[in-house]
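Taking it in order: structure first as C-alpha cells, then the write-up.
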Amino acid sequence: MRTYITTPIYYVNAVPHVGTATTTLLADAQARYHRMQGLDTWFLTGTDEHAQKVSDAAIAAGETPQAFVDKVSQSFVEAWKFLDCRYDTFIRTSEDRHKDVVREVFQRLEKSGDIYLGVYEGWYSVADETFFRDTDVDDNGIVKETGAKVERIREDVHYFRLSAYGERLKEHILTNPGFLIPDTRRNEVLAFIEQGLRDIAISRKNAGWGIEVPGDSSKVVYVWFDALINYLTESGWPKNPAWNQTWPATAHLMAKEIFTRFHATLWPAMLMALDLPLPKHVVGHGWWVVRDEEGLLGKASKSKGNIPTPQAVVEKLVDASGANPLVARDALRYYLLRDIRFSDDTEFALSMLQSRYNAELGNDLGNVLNRVLKAGYFGGTLPTEAALDAGLQADALKAKDAYIAALATYDWGTALQAVNGLLACVNRYLATTAPWKAAKAGNAADVDTAIYNALEGVRFAAVLLLPAMPHAAGEVLRQLGLSPDVASGDFDRLTTFGALPFGGQTAVGDVIFPRLAFPVPTVEAAPKAAKSEQKSSGETKPVDQTSPAADATSSEITIDDFIKVQFRIADITHAEKIEGAKKLLRLEVQLGEEKRQIVSGIADSYTPEELIGMQIVVVYNLKPAKLRGVESQGMLLAATDEDGKAILLQPAKRVVSGAEVR
RNA sequence: GGCGGUGUAGCUCAGCUGGUUAGAGCGAGGGAUUCAUAACCCCUAGGUCAUGGGUUCGAGUCCCGUCGCCGCUACCA
C-alpha cells in the first residue's frame, strides 16, 4: 500500500507564488520524509486545465486552449523544479487517461442515479468557475463575495446528488478524527453539512473546451467535478487491477479556500457515490498575507494581492547574504514550512524570513557546525573513538520523537522547531564541554568526546532537516564528510545517535548560511494574471484583506450622501409568508399610484394579518434584489428591540400614500 | 443573523482534562566567553493572561454577559 500525497492541481492562468509553493513544499517535504522512512511514496501535483476562463484567455491570446495550457502548465513545472520539489507525477486534466476516468465516473453515477438531468437557471461566473444563486449576486451582476461578473444562463444540466450524502459524510468525519485537519476547518465542514447540502450542477454547455459529457456532446463536465477526479485517475482506477495500491490517498494537501466545499464535501461524497474509500487525511493550511515590508503603514496598508514569486524572494536573499542560490532557495523552503499555520493566516514578510534565517539557520545550524569544523583544536579528522554523551543523545531522540509526532499531522512548523531545539542543545553542550579549553589543557580524550558528540548532534539534526532543505542540509552532511544522498529506508539508521563514523575526514567548505544584511530589500510581487483568479485554483490566494473599517476614517456621511436616499410612506395592502423561509414575508404596498412588492425578514415579529393596513416608511430608490427567489422592490424601515424583534417605523398620523419623507 | 474560532510579555506564538512564584523563540538590556558567521552560553524582561460578573478551597484554563478581530454560513433590502 502506497503513501500517496497530493497537492491540488493548480489553475494554469496564474504564476506560482509563495502561497502555491507552500502547498507543494508541504507535500514535497512530507514525501521526502516518507521516502527516507522507506515507505512506498507517491507524490502527485499537476495542473487543472479545463476551465472556461482558460479557454477564454487562450482565445484572447490568439492561441488554441491546448497550446495555451501547454505553455502555462510549464511555468508550474519550472517553479517546482526551481524549488526542487520532487513529485512522482505531474498530472494534467487534459490528458486522455484523465478524461477516460472522468467519463467512467460520470457514467457510473448516472447509472446509479447519483447524477440526474435537471434545468439550471441562474448565474454563472466564469472567473470563479462557480454557479451562483440570486442571493450571491448584487444588482449589477457582480458576485458579492468575489467581485466577479456573472452571466445569466438557463440550460439543461446534470446534477450530482450531493444532498444524499450529508449524513454519511458527517458520520465519517465524526468517527475519523484525523480525517480533516486542522480542527477549525473540521468544525466548519460539520457546520456546512449540518445546514443541509444541495445538489450541485456538474455539467455546462460545451464551448469547445473541457471533457464532454458521455452521450451528450453538447455539454462538458463542470470543471470542479472533473478536477477532483484527478486524484483517482492517478491510481489507475478502474482498469488497472492494482489501483487499490495507490488509492485511497494518504493525504490531500491544499490551502483553506478549497477545503470545505470541494475537498471535504464534494469529493468525499463523490467517492461515497462510487463506493470507493475516502482519503485518509485532508489537510488545509492558511494563507500568507502580505503587507508593506516595513510595516510602517500598519495593518490597513496590506498591499493588494502582491504576493511574491519564490524566484523573486530567492534572488533577494542571494543579494543580501551572498549565500549560494541553492542555499537561499532552501532558506525559503525552510521559512515557508516553518511558519505557515494551518488554522490561521500568517504574515509573509522578508523581515520574518530574515529573522528565521539569521537566528535558526545562521546562528544555530551554520554556526554550530563551523565552531567545530573551523576550530583550531580540530584538525579535520574525526576522533577514532569517543563515548556518546547520554544527555545529548537523549536530546536528539527527544527531538526525533517530537519531529515524528508533528509530521503525523503534517505539522512542519513544530517539526522544524524540534530540530532547532536540538541544535540549541548542541551549542549548549559545546559551551559546557569547552573543547578549546580541554585542548589547551592537553586533554585529548575530552576534546575528542566533545568534537564527536557535537558533530553527531549536528549530523542528526541535518538528517531531520533533509526533507525541508535537501541541498543545504545535504551540504552540512557533505562538510561532515558524509554523503548527502540518503537511500530510501535510511531514516532509522541515520537517526540513531552515534551513527557518525569514527575517524572520518571532514570537508572544507564555505560558510553555508552567511548572515543576511540589514535592511532586507523589498521584493517585487508576482504579476497578476487576472482579477480574482485564485478562487478555485487550489492555491494560496493573494491577499487583499484591507478592511473597510480601516479605510474609512469615520462612518459619517455628508448631507449629500443622505439626500440620495429617498424615503416614502407606503400602505401595506397585502402580506404573506414566503414558503420555505422562516423569517421572510412578501408584502404588497401602495405608494400613491404605484404598487410594489417588498420582501422583508420580519416574520418573527409580525404576522401577515396585523401588517395589512399599516402605514410604513420604505426606501424608495433602492435597487431591486431577489430574496429567496422573490423580487424585493425596496426596503422597509424598522427599529430592533432588545429581543431582536423588528419594530416598524410608522408616521405619527396617517399621511397620503406615497408621501416623501425628509 | 447563525455557527466556529480568537484576543496571553515590544513582536510571533505555547499553555491538555482548572492547582505551587503564567511559558518559549525573536527583539532589547546586562554579564561571561573567545572555539565559531559580533555568532554561542548565562541572567534580566515584572505581561490587570481583552473586559465585567459568576462557579470553586483554587481559573489564563469552566459558566454567563460585553467589546475587538478572524473564518464559515445564511431567508442580511
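The shown structure was predicted, so the numbers you read here are calculated from the model rather than taken from an experiment. Values reported hereafter were calculated over all heavy atoms of this structure, with side chains retained and with hydrogens, waters and symmetry mates removed. Chain A is the first sequence line, chain B the second, and so forth, proteins listed ahead of strands; every chain is numbered from 1.
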Under a 4.0 Å N-O cut-off, is there an ion pair linking D446(A) with K437(A)?
no

When you check the gap from the basic side-chain N to the acidic O, do E588(A) and R596(A) get nearer than 4.0 Å?
no

Can you check the distance between [N] and [M], where both ends of the measurement are the [atom1] atom (answer in whole Å)?
{"N": "C3(B)", "M": "G19(B)", "atom1": "P", "answer": "29 Å"}
{"N": "U61(B)", "M": "U20(B)", "atom1": "P", "answer": "14 Å"}
{"N": "A28(B)", "M": "C11(B)", "atom1": "C1'", "answer": "11 Å"}
{"N": "G2(B)", "M": "A45(B)", "atom1": "C1'", "answer": "44 Å"}
{"N": "U37(B)", "M": "U21(B)", "atom1": "C1'", "answer": "39 Å"}
{"N": "U44(B)", "M": "U48(B)", "atom1": "C1'", "answer": "22 Å"}
{"N": "A50(B)", "M": "G7(B)", "atom1": "P", "answer": "8 Å"}
{"N": "G15(B)", "M": "A9(B)", "atom1": "C1'", "answer": "14 Å"}

Give one of base, sugar-phosphate or nothing for [X], where a contact means two heavy atoms less than 4.0 Å apart.
{"X": "N427(A)", "value": "sugar-phosphate"}
{"X": "F513(A)", "value": "base"}
{"X": "N187(A)", "value": "sugar-phosphate"}

In terms of side-chain heavy atoms of [X], which of [options] is nearest?
{"X": "F192(A)", "options": "U73(B), A39(B), G71(B)", "result": "U73(B)"}
{"X": "W436(A)", "options": "U33(B), A39(B), G5(B)", "result": "U33(B)"}
{"X": "E188(A)", "options": "C72(B), A36(B), G5(B)", "result": "C72(B)"}
{"X": "A375(A)", "options": "G5(B), C35(B), U37(B)", "result": "C35(B)"}
{"X": "V511(A)", "options": "C41(B), A77(B), U37(B)", "result": "U37(B)"}
{"X": "Q195(A)", "options": "C70(B), A74(B), A77(B)", "result": "A74(B)"}
{"X": "A191(A)", "options": "C3(B), U37(B), U73(B)", "result": "C3(B)"}

OP1 or OP2 of [N] sitting under 4.0 Å from any side-chain N/O of [X]?
{"X": "R428(A)", "N": "C42(B)", "result": "yes"}
{"X": "K440(A)", "N": "C35(B)", "result": "yes"}
{"X": "R185(A)", "N": "C72(B)", "result": "no"}
{"X": "R261(A)", "N": "U73(B)", "result": "yes"}

Please check if the number of heavy atoms outside D510(A) that lie under 6.0 Å from its CG is greater than 12.
no

Quickly work out the [X] [atom1] to [N] [atom2] distance and round it to whole Å.
{"X": "R198(A)", "N": "U73(B)", "atom1": "CZ", "atom2": "P", "result": "10 Å"}
{"X": "Q479(A)", "N": "A36(B)", "atom1": "CD", "atom2": "C1'", "result": "13 Å"}
{"X": "R186(A)", "N": "G5(B)", "atom1": "CZ", "atom2": "P", "result": "12 Å"}
{"X": "M352(A)", "N": "G25(B)", "atom1": "CE", "atom2": "P", "result": "18 Å"}
{"X": "K437(A)", "N": "U34(B)", "atom1": "NZ", "atom2": "P", "result": "6 Å"}
{"X": "D345(A)", "N": "U6(B)", "atom1": "CG", "atom2": "P", "result": "15 Å"}
{"X": "L365(A)", "N": "A39(B)", "atom1": "CG", "atom2": "C1'", "result": "13 Å"}

Please check if the distance between the ring centroids of Y334(A) and Y357(A) is under 6.0 Å.
no

What do you reckon, are the aromatic ring centroids of W288(A) and Y335(A) less than 6.0 Å apart?
yes

When you check the side-chain N and O atoms of N420(A) and D364(A), is any donor under 3.5 Å from an acceptor?
yes

Consider only side-chain N and O atoms of T573(A) and Q590(A), and report whether a donor and an acceptor are under 3.5 Å apart.
no

Where do D389(A) and Y429(A) land on the side-chain contact (heavy atoms from CB on, under 4.5 Å) test, with the steps shown first?
CA-CA 9 Å; D389(A) 184 86; Y429(A) 171 79; 3.5 Å; yes

Sub-4.5 Å side-chain heavy-atom contact between L455(A) and L373(A):
yes

Summarise how protein sits on nucleotides 26-31 of chain B as a single string, 5' to 3': B when a protein heavy atom is under 4.0 Å from the base, S for sugar-phosphate-only contact, - for no contact.
S-----

